[in-house]
Number of protein chains: 2
Amino acid sequence: MTDSALQGLIEALRVLPGVGAKSAQRMAYHLLQHDRAGAAQLARALERAADGVGHCQRCHTFSEAALCALCADETRDAAQLCVVETPADQAALERTGSYRGCYYVLMGRISPLDGQGPRQIGVESLLARASDGVVREVILATNFTAEGEATAHVLTQALTARGLLVTRLARGVPAGSELEYVDLSTIAHALVARR
Amino acid sequence: MTDSALQGLIEALRVLPGVGAKSAQRMAYHLLQHDRAGAAQLARALERAADGVGHCQRCHTFSEAALCALCADETRDAAQLCVVETPADQAALERTGSYRGCYYVLMGRISPLDGQGPRQIGVESLLARASDGVVREVILATNFTAEGEATAHVLTQALTARGLLVTRLARGVPAGSELEYVDLSTIAHALVARR
């Protein structure tokens, strides 16, 4: 009833995060029944990205060129360096349109349980980047999760030891939210950091 | 911060059903960061399936060969023909291990709102298949949804007009369920069809 090319496709689709056996089957049937051109296009895009996309030398985000578009952009403020965990976080910051400095993308976070220590996330490389004599402020924008906070803590210690100004994104009540539904820890932080 | 191969991959991933902008981004980052070999493998599987997988001449399911493995299997009972909507439904029936006849896969269902009438799901072709002189019973195993029921109704009329014996999967209380939580329509059907 099924054959090897179809089974192979169903198996291969399971490399995608969040895709189990059922979803993979549904995706394979959908592509074969309704969108073979899309499947062929996806195959080309995967090949091109897997072969062509590397990491930016300066900020470590994904890039086809040695320097990513943002690092190559000379209108960005080289005195500010914002440290994020992932390219997705960087994209979220860029969408705000309110930051004009440079980035450093850790491509991970400190997570001892997963074997991710300071060495694995390249703290040395960040220290070298931040000590270029131009960067004056390092803005830590790791996530406000346990692991992101631990990462920020370790980075703060390493960076301040080098005499760099280190700041962290403000914690507080999210825009548009009602106090009644905001968690206690956030309100406590907002109260302490009131201005 | 992003470049065209990465953007192209994110766009291309959206051909997958149920994958929006956010999931596509997450998938692309995951593949590039953690599983480039898997991405390359997926590219090859997509290409192979898009080029190689066609439809079985007899039952219309996906197949690389002219006849699918099931239609080519001479130990199957050619006197029984089970009609299902999709290869996934066929796979579900096969997993029960309790059917040894042949299949006909509609690759769709009658759905006037989507422009799917009897012609689009190939009723003529099913009639030709069922009138081969060997098929004695046609088992309608379309889904028990409004569209599946409508499809079964249309097929019943067309097939009985040709003098074929037409049966439908039994409706009733699912195995392992408690009556208290079964919907009324199912209980009513089970009561009428009691044995």
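Since this is a predicted model, take the numbers as computed values, not measurements. So you know, we letter chains A, B, ... as the sequences are listed, proteins then strands, and number each from 1.
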Only one of His30(B), Arg26(B), Met27(B) forms a side chain to side chain contact (heavy atoms under 4.5 Å, CB included) with Leu16(A), so which one is it?
Met27(B)
Going from CG on Leu9(B) to CZ on Arg44(A), what distance comes out if it is rounded to the nearest 0.5 angstrom?
13.0 Å
Are Ser4(A) and Arg48(B) side-chain neighbours, meaning at least one heavy-atom pair lies under 4.5 Å?
yes
Can you pull out the residues in residues 31-43 of chain A with any heavy atom less than 4.5 Å from chain B?
Leu31(A), Leu32(A), Gln33(A), Asp35(A), Arg36(A), Gly38(A), Ala39(A), Gln41(A), Leu42(A), Ala43(A)
Using a cut-off of under 4.5 Å on heavy-atom pairs, state which of Thr86(B), Leu46(B), Val19(B), Leu13(B) scores highest against chain A.
Leu46(B)
When clusters are formed by joining ILVMFWY residues with side-chain heavy atoms under 4.5 Å apart, either directly or through shared neighbours, do Leu155(A) and Leu165(A) land in the same one?
no
In terms of heavy-atom pairs under 4.5 Å with chain B, which of Cys71(A), Ala49(A), Cys59(A) leads?
Ala49(A)
What residues, two or more places apart in sequence or in another chain, satisfy side chain to side chain donor-acceptor pair (under 3.5 Å) together with Asp51(A)?
none
Donor-acceptor contact present, side-chain Glu64(A) to main-chain Ala5(B), <3.5 Å
yes
When only heavy atoms count and the cut-off is under 4.5 Å, which of residues 95-123 of chain B reach chain A?
Arg95(B), Met107(B)
Shared hydrophobic cluster for Leu70(B) and Val83(B) (ILVMFWY, side-chain gaps under 4.5 Å)
no
If I compare all heavy atoms of Ala45(A) with all of Gly8(B), which pair ends up nearest, and what's the gap?
CB-O, 4.0 Å
For Thr156(B), give me all partners under side chain to side chain donor-acceptor pair (under 3.5 Å), at least two apart in sequence or on another chain.
none
In short, Ala88(A) meets Tyr29(B) closest at the heavy-atom pair N-CE1, 3.4 Å
So which residue, Glu47(A), Lys22(A), His55(A), ends up with the most heavy-atom pairs under 4.5 Å with chain B?
Glu47(A)
Shared ILVMFWY cluster between Leu169(B) and Leu159(B), side chains joined below 4.5 angstrom?
no
Are Val154(A) and Leu81(A) connected in the hydrophobic side-chain network, where two residues link if heavy atoms are under 4.5 Å apart?
yes
